[in-house]
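As structure tokens, the structure follows; a few thoughts come after it.
Remember, it's a predicted structure, so these values are computed and weren't measured experimentally.
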Amino acid sequence: MRKFLKAFMISCLAIGVLLTGIPVSSSVAASTIKDLVIDLNVPQVKREVKDDKILLNPLHIFGDGHFKLAADVTWKSSNKNVASVKDGEVTLTGHNGKTFISVSDGQFTDRIAIQVKGNQDKILVIKEKGSRYDVIGNAIKHMTLEEKVGQMLMPDFRTWKGKNVTEMNDEIAKLVKDYHLGGVILFRENVVTTEQTTKLVDAYQQVAQKYGLLITIDQEGGIITRLQSGSDFSGNMALGATRSEETAEKVGRAIGEELHSLGINMNLAPVLDVNNNPDNPVIGVRSFGENPELVGKMGNAYIKGLQESGTAATAKHFPGHGDTAVDSHLGLPEVPHDKDRLKQVELYPFQQAMDAGIDAIMTAHVTFPKIDPTKAVSQKDGTEIAIPATLSHKVLTGLMREEMGYEGVIITDAMNMNAIADHFGPVDAAIRSVKAGADIVLMPVGLEVVANGLYNAVRSGEISEKRIEQSVERILTLKLNRGIVKGEVEESIDQKISHALQVVGSPEHKAIEKEAAEKSITLVKNNGVLPIKAAPEDKIAVVGYSGYYVNLLLNEVKKHHTNVTYIDTQTKLTTAQLEQVKDAKYIIVGTYTSSVGGRAPSASQMVMTNQLINETDAKVIALGIRNPYDVMSYPAVDAYLVQYGYRPASFAASVNTIFGENHPTGKLPVTIYGHDGSVMYGFGHGLGY
């Protein structure tokens with residue numbers, strides 16, 4: 001009856017307009033429901049049947065083109081022998097045949113057909129057709145220029161007036177509304193606890209106007225982990241060492257489930273860069289390894305798990321940041337290879353991800369002169385520089401869209417990084433990236449100035465409005481595909497928090513965290529030392545710098561042995577310190593490096609480790625905490641393990657391996673070279689017990 005009265009009142013209002021000639025206000029028109037559509041009937045929307053289930057979302061289409069998840073609707077299946085439906089979730093029964101799944105709000109109805117053949121070997125979703133399903137085109141047609149550009153802007157609000165942003169404030173809320181933002185990115189400063197994060201994300205969605213926000217974060221796992229609560233998964237190189245696509249998929253899914261429960265709907269992961277340059281200062285263990293096939297397989301497994309959780313995945317950094325020796329946060333790196341080589345190595349994992357249906361791809365602030373030799377004048381010093389991929393039409397449109405056939409969202413890397421910010425003005429960089437083919441401008445330097453710069457570029461004809469609309473279509477497609485749509489009725493914040501607390505850091509996820517860490521531990525060298533068989537009176541010394549997480553190593557060793565001495569240092573031991581460890585039977589030393597200089601033979605940690613090897617009678621066991629290459633500077637060590645990151649689960653797995661409770665199965669995802677360029681330990685090397 002309530003629905004009937006609502007429809008009746010709307011009809012009366014329309015008749016009144018005809019009789020009086022008084023126009024309906026735009027707010028009334030905007031709030032008028034014009035149709036009810038099943039989201040999967042929208043041509044751009046794709047969704048797979050998984051575990052005999054497929055989710056359908058009902059969309060109310062409003063007078064101004066925007067859409068919301070409809071509440072208070074009724075679902076029916078015309079043939080329950082084929083499939084049943086409850087709250088939009090369709091469950092296949094296992095029988096062949098065809099059914100129409102329909103939805104109604106009492107005024108509008110829609111339906112979609114599902115046909116099952118060959119005992120579910122072939123499942124067809126047959127969409128309805130017609131202009132009513134041009135939901136995205138209709139939305140764009142009604143948008144102002146400012147609303148369209150807003151969908152393409154994704155700023156960060158790490159801090160506000162010198163304080164970390166952990167809750168919504170009026171100024172940020174006003175910016176989200178005034179600039180019609182399509183998304184925001186969160187950082188570690190913003191996500192402290194599960195409850196607080198859920199509230200902050202919910203507040204962002206509440207202040208968004210017509211369309212749901214993309215709430216993004218760099219939750220790669222390993223050294224790039226933003227959440228301060230929840231599971232602490234091993235990073236990509238650790239996953240590469242497991243050689244287990246199943247484990248990578250589990251980790252991707254668990255990360256996605258935790259983010260999704262918090263309301264974070266897009267993960268800027270995984271890194272698909274091929275780390276074939278040991279001197280790379282910014283990728284390193286963020287990569288699955290140096291082999292393109294390994295990176296492609298592990299990447300797609302991770303992506304599958306992540307996207308099946310309902311969280312959008314983002315492959316980065318296209319067309320490849322692996323073979324560089326410069327950090328694009330600090331400078332402008334170059335990859336000198338031609339297209340044939342790039343297709344065999346750097347581009348291969350990205351092509352695999354595109355073919356598998358990756359939601360989004362992030363650009364690299366790296367120059368590729370063999371693809372685009374175009375030059376620009378640097379605003380930093382007036383010199384001529386090559387155009388980085390983020391700003392290159394030949395890379396983003398010519399290579400990615402036209403040659404590689406990618407149709408999804410392209411997001412820039414952060415526009416405040418020095419590779420861009422040093423050489424291009426904020427507005428110039430944003431305009432160049434959009435003209436090149438980017439859909440989302442991440443972390444623009446100055447929201448107001450960049451937004452106005454883009455408006456002016458469209459009004460002047462420098463960027464066509466059609467070009468803007470192409471990006472908005474891709475962004476709205478992503479939002480519909482991942483169910484990022486504002487609802488007419490939302491769960492209460494208490495319900496959201498309760499759900500997040502059950503998911504984030506759940507026992508199931510902690511078990512996956514442990515499994516991934518244990519499978520990743522790589523035993524590179526063992527001169528009959530491991531596993532340790534220490535008597536209670538045997539002294540074990542742990543040496544290394546607490547600032548490099550060696551205190552975590554110490555804590556794990558103490559769980560296995562009581563007679564433990566700790567020397568907290570990252571430099572050569574003093575005479576007194578050396579005296580404390582000389583009677584040790586075993587010395588476990590942790591080294592942590594992230595740069596070429598850090599692992600040079602003259603570097604302090606390397607001098608320290610060689611001192612322990614040369615000046616004590618103990619068996620020295622070294623642990624490469626981060627990069628696997630450290631052994632190149634202390635090759636005479638008795639045993640060497642790699643854990644690829646400093647998360648607690650990795651230290652537990654390493655020490656369990658040292659004491660024989662975990663049998664190492666990890667294989668090197670990279671080659672370890674000596675300082676003379678010779679191969680010390682090849683790709684795929686790994687010892688066991």
Side-chain angles (χ1 to χ4, degrees), residues 222-223 225 231-234 238 505 507 510-511 513-526 528-571 573-574 576-593 605 608-609 611-613 615-626 630 634 637-664 666 689:
I223 66 169
T225 298
S231 305
D232 228 349
F233 293 101
S234 299
K510 285 293 183 182
E513 172 189 286
K514 182 173 184 285
E515 175 193 330
E518 288 180 345
K519 286 183 176 180
S520 73
I521 303 304
T522 309
L523 181 57
V524 176
K525 183 179 182 181
N526 185 17
V529 180
L530 300 180
I532 283 179
K533 302 295 182 187
E537 65 274 14
D538 291 337
K539 183 175 182 178
I540 297 177
V542 176
V543 181
Y545 180 42
S546 58
Y548 291 153
Y549 313 98
V550 177
N551 56 311
L552 298 179
L553 173 63
L554 171 67
N555 293 339
E556 292 299 328
V557 172
K558 283 182 174 179
K559 292 177 183 178
H560 293 264
H561 198 70
T562 54
N563 187 6
V564 180
T565 296
Y566 177 47
I567 304 295
D568 184 356
T569 182
Q570 58 175 318
T571 61
L573 278 67
T574 64
Q577 288 173 328
L578 196 59
E579 197 61 35
Q580 290 181 61
V581 301
K582 272 198 168 179
D583 60 340
K585 185 168 183 179
Y586 303 100
I587 297 175
I588 302 172
V589 56
T591 60
Y592 178 100
T593 67
Q605 290 182 90
M608 169 190 80
T609 306
Q611 179 191 25
L612 294 170
I613 294 167
E615 298 182 29
T616 71
D617 294 326
K619 298 295 185 182
V620 179
I621 301 146
L623 174 64
I625 294 170
R626 180 168 166 169
D630 294 4
Y634 45 77
V637 73
D638 294 298
Y640 180 63
L641 304 93
V642 186
Q643 66 180 36
Y644 310 100
Y646 45 76
R647 298 299 163 195
S650 296
F651 281 105
S654 287
V655 176
N656 283 341
T657 304
I658 288 170
F659 284 90
E661 292 184 11
N662 178 56
H663 285 221
Y689 294 157

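The distance from atom CD of Q577 to atom OG1 of T565, rounded to the nearest 0.5 Å, is 12.0 Å. Here the straight-line distance linking atom CD1 of I540 with atom OG1 of T562 works out to 9.0 Å at 0.5 Å rounding. If you take CG on L554 and NZ on K558, they are separated by 4.5 Å, rounding to the nearest 0.5 Å. With rounding to the nearest 0.5 angstrom, the OG1 atom of T225 is 9.5 Å from the CZ atom of F233. With rounding to the nearest 0.5 Å, the separation of CD1 in I587 from OG1 in T616 is 3.5 Å.
At least one donor-acceptor pair under 3.5 Å links the side chain of N563 to the backbone N or O of E537. K539 places a side-chain N or O within donor-acceptor distance of the main-chain N or O of Q580, the cut-off being under 3.5 Å. Under a 3.5 Å cut-off, the side chain of N526 and the backbone N or O of V529 do form a donor-acceptor pair.
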Q: Starting from the C-alpha separation in whole Å, work towards a yes-or-no answer on side chain to side chain contact (heavy atoms under 4.5 Å, CB included) for Y586 and D638.
A: CA-CA 10 Å; Y586 303 100; D638 294 298; over 6 Å; no
Q. When you look at I532 and D538, which way does the side chain to side chain contact (heavy atoms under 4.5 Å, CB included) test go after all the steps?
A. CA-CA 11 Å; I532 283 179; D538 291 337; over 6 Å; no
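A parallel orientation is assigned to the rings of Y592 and Y548, their planes being inclined by less than 30° (bins at 30° and 60°).
Looking at heavy atoms from C-beta onward, Y545 lies out of side-chain contact with T571 at the 4.5 angstrom threshold. Side-chain contact between L641 and T657 is present, with heavy atoms from C-beta onward closer than 4.5 Å. Residues E556 and N656 have side chains not in contact (no heavy-atom distance under 4.5 Å, counting atoms from C-beta outward). The closest side-chain heavy-atom distance from I625 to Q643 is below 4.5 Å. Residues F651 and N555 have side chains not in contact (no heavy-atom distance under 4.5 Å, counting atoms from C-beta outward).
The minimum heavy-atom distance between T591 and Q605, with the atom names listed, is CA-OE1, 3.4 Å. Closest non-hydrogen pair, A618 versus A584, comes out as CB-O, 3.2 Å. Minimum interatomic distance between G590 and V550 (heavy atoms only, all atoms of both residues): O-CG2, 3.9 Å. Across all non-hydrogen atoms, the minimal contact from M608 to T569 is SD-O, 3.6 Å. Residues D232 and K510 share a closest heavy-atom pair of N-NZ, 4.4 Å. Of all the heavy atoms in I613 and Y634, the pair that sits closest is CD1-CB, 4.0 Å.
No side-chain donor from either of S546 and Y566 sits under 3.5 Å from a side-chain acceptor of the other. Remark: the S231 side chain and the E513 side chain contain no N/O donor-acceptor pair separated by less than 3.5 Å.
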